[in-house]
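Below is one structure, written out as structure tokens; comments come after it.
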Amino acid sequence: MSLNEKCMLASLDIGIPSGRKIDKDVSDKVAKDHGIDSRLECGNFNKIIIDSKYLKNLQAVKRHADKAFEELTLPWITGQVEFRLIPNKRYLEWTSQYRKFKSDFEKEKSFVGIEYESMIDEAKDRLRQTGGLFRRSDYPTADRFLSKIRMEHHVRPVPDSHNLDLRVAVGDEEAQRIRDEVVESMQSELQRTNRAVYDRVHDAVAHMNSVLSNEKPKIHETLTEKMKRLVDILPDLNLNDDENLEEIRQEIIKELLSTTAIGLRHSKEKRKEVVEAGESIIKKMEKIYGTRA
């Protein structure tokens, strides 16, 4: 089965104003006070025009949404907006989560709209309206400010080089060259994507070992829950149908998830067994896939 039959390309684009702004007058004064010709030669002063308390809930929704999106996807195209591969089997799961995040985000955005003038009033006191750093010109209209707060989700098909017919536009020879470039580019991206899968497994096992190796480990339920979640998703992220990776997944289930967090918490012997099994899995992965760069 080809890649475009297994996956789609998805993006999650979330924008939240920083609540900070460069004060050019203060920056120029600092430069002058230190005998420097221009702020461009020494740096800028960023002032907090919106207290972080007004934006923290939006930032929390963003963190949770980013985490959920990255858990179900793999890196593909990076840029101003990053597109990631999402397995078709996980798409409905993601859209269900996205709708919840979007609803929470819009509620917090409405709150910011309602409180916008209060944010400005707070800044007047904090930055001192008279003779201080407050400038009313730093603040756009409420509608303009809210337009910068966004959460968007886009989906695209994975390009299929075999169906890329450009012969009429550029001729047979050039069309073949373009197709070859697309194939080479996609193979390069797929290598990076597969590496991300291996690294995710490696990091999860190494993290579990790190926690369990402590003399007095703090073992929370999330330690085993996150590992269970990974082995559940892993077959859909195994885009290469890598038999070695599936074998490692089975070893994790058998050796690292053979007991609960409570069992690990109360048995030093069991922790030792899991750590030794984890070390064996890590060595096996490094032998097959190479060590981390």
Side-chain angles (χ1 to χ4, degrees), residues 1 3-19 52 55-112 146-159 185-186 188-208 220-240 242 245 249 252 292:
M1 186 181 293
L3 188 63
N4 65 321
E5 292 175 299
K6 293 180 179 180
C7 300
M8 292 180 282
L9 292 174
S11 70
L12 178 62
D13 183 20
I14 303 176
I16 301 172
S18 67
S52 60
L55 302 174
K56 67 178 183 179
N57 289 344
L58 279 169
Q59 294 287 1
V61 176
K62 181 182 185 301
R63 284 196 304 274
H64 293 314
D66 284 339
K67 184 177 179 180
F69 184 60
E70 290 176 6
E71 180 183 54
L72 293 170
T73 61
L74 291 167
W76 189 251
I77 300 172
T78 58
Q80 188 172 4
V81 177
E82 181 181 17
F83 275 89
R84 295 172 67 90
L85 285 175
I86 183 165
N88 294 339
K89 292 180 181 179
R90 294 287 170 171
Y91 181 69
L92 290 179
E93 179 182 351
W94 161 243
T95 53
S96 176
Q97 292 188 52
Y98 175 76
R99 285 193 293 270
K100 174 64 167 61
F101 290 129
K102 178 73 170 177
S103 174
D104 292 344
F105 193 84
E106 291 300 323
K107 287 177 185 175
E108 297 301 334
K109 181 176 178 178
S110 296
F111 167 78
V112 169
L146 290 174
S147 71
K148 298 178 181 180
I149 301 175
R150 69 184 188 281
M151 175 182 279
E152 299 169 353
H153 174 236
H154 303 286
V155 181
R156 301 284 186 273
V158 177
S185 175
M186 289 184 67
S188 176
E189 290 290 347
L190 187 56
Q191 275 188 332
R192 188 170 70 95
T193 297
N194 289 334
R195 183 77 228 184
V197 180
Y198 311 146
D199 289 348
R200 188 183 296 192
V201 176
H202 181 284
D203 289 349
V205 176
H207 172 69
M208 179 175 268
H220 302 291
E221 298 294 330
T222 53
L223 183 68
T224 52
E225 287 172 0
K226 287 181 179 179
M227 189 65 81
K228 287 177 182 177
R229 176 66 171 161
L230 176 59
V231 297
D232 174 57
I233 296 173
L234 199 53
D236 297 325
L237 299 181
N238 188 1
L239 303 178
N240 238 15
D242 186 335
L245 192 60
R249 187 181 83 92
I252 291 173
R292 298 284 295 275

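Just so it is clear, the structure is predicted and the values come from calculations on it, not from any experiment.
When the side chain to side chain contact (heavy atoms under 4.5 Å, CB included) test is applied to Ser18, the partners found at least two apart in sequence or on another chain are Arg20. Every residue meeting the side chain to side chain contact (heavy atoms under 4.5 Å, CB included) condition with Gln97, not counting sequence neighbours, appears here in chain and number order: Ala68, Leu72, Glu93, Trp94, Phe101, Arg229. Here Lys226 pairs with Lys67, Thr222 under the side chain to side chain contact (heavy atoms under 4.5 Å, CB included) rule; sequence neighbours left out. Taking Asn194 as the reference, nothing meets the side chain to side chain donor-acceptor pair (under 3.5 Å) condition, with sequence neighbours excluded. Judged as a side chain to side chain contact (heavy atoms under 4.5 Å, CB included), and not counting sequence neighbours, the contacts of Thr224 are Met208, Leu257, Ala261, Leu264. Lys109 is linked by a side chain to side chain donor-acceptor pair (under 3.5 Å) to nothing, counting only residues two or more places apart in sequence or in another chain.
With rounding to the nearest 0.5 angstrom, the CG atom of Leu234 is 6.0 Å from the CG atom of Leu237. How far CD1 of Ile16 is from CZ of Arg150: 9.5 Å, rounded to the nearest 0.5 Å. To the nearest 0.5 Å, atoms CE (Met8) and CG (Asn88) are separated by 4.5 Å. Within the model, atoms OG of Ser52 and CD of Gln59 stand 9.5 Å from one another, a figure rounded to the nearest 0.5 Å. For the atom pair NE2 of His207 and CG of Leu223, the computed distance is 5.5 Å after rounding to the nearest 0.5 Å. A distance of 6.0 Å separates NZ of Lys6 from CG of Leu239, quoted to the nearest 0.5 Å.
Side chain of Arg249 to backbone of Val231: a donor-acceptor contact under 3.5 angstrom is found. Using modelled atom types, no side-chain atom of Ser11 and backbone atom of His153 make a donor-acceptor pair closer than 3.5 Å. Although no hydrogens or angles enter the test, the distance criterion places no donor-acceptor pair under 3.5 Å between the side chain of Ser96 and the main chain of Leu92.
Scanning both residues, Cys7 and Pro87, for their nearest heavy atoms gives SG-CA, 4.1 Å. Looking at every heavy atom in both residues, Ile86 comes nearest to Tyr91 through CD1-CA, 4.0 Å. When all heavy atoms of Pro17 and Leu55 are compared, the closest pair comes out as O-CD1, 3.4 Å. Contact between Arg90 and Ile233 at its shortest, heavy atoms only, is NH2-CA, 3.6 Å.
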Stepwise salt bridge (Lys or Arg N to Asp or Glu O under 4.0 Å) check, Asp199 with Arg192: CA-CA 10 Å; Asp199 289 348; Arg192 188 170 70 95; over 6 Å; no

Begin from the C-alpha positions of Met227 and Val205 and carry the test side chain to side chain contact (heavy atoms under 4.5 Å, CB included) through to its verdict. CA-CA 8 Å; Met227 189 65 81; Val205 176; 4.3 Å; yes

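In this structure the side chain of Arg200 reaches within 4.5 angstrom of the side chain of Leu74, judged on heavy atoms. Between Asn4 and Pro157 the shortest side-chain heavy-atom distance does not fall below 4.5 Å. Side chains of Phe111 and Leu58 form no contact here, defined as non-hydrogen atoms less than 4.5 Å apart. Counting heavy atoms from C-beta on, the side chains of Leu85 and Thr73 never come closer than 4.5 Å. Residues Asn238 and Val197 form no side-chain contact, since every pair of their non-hydrogen atoms from C-beta on lies 4.5 Å or further apart. Residues Leu12 and Glu82 fail the side-chain proximity criterion, which asks for heavy atoms closer than 4.5 Å. When side chains are defined from C-beta on, Ile252 does not count as touching Leu230, because their heavy atoms never get closer than 4.5 Å.
Here Asp104 pairs with Lys100 in a salt bridge; the nearest charged N to carboxylate O distance falls below 4.0 Å.
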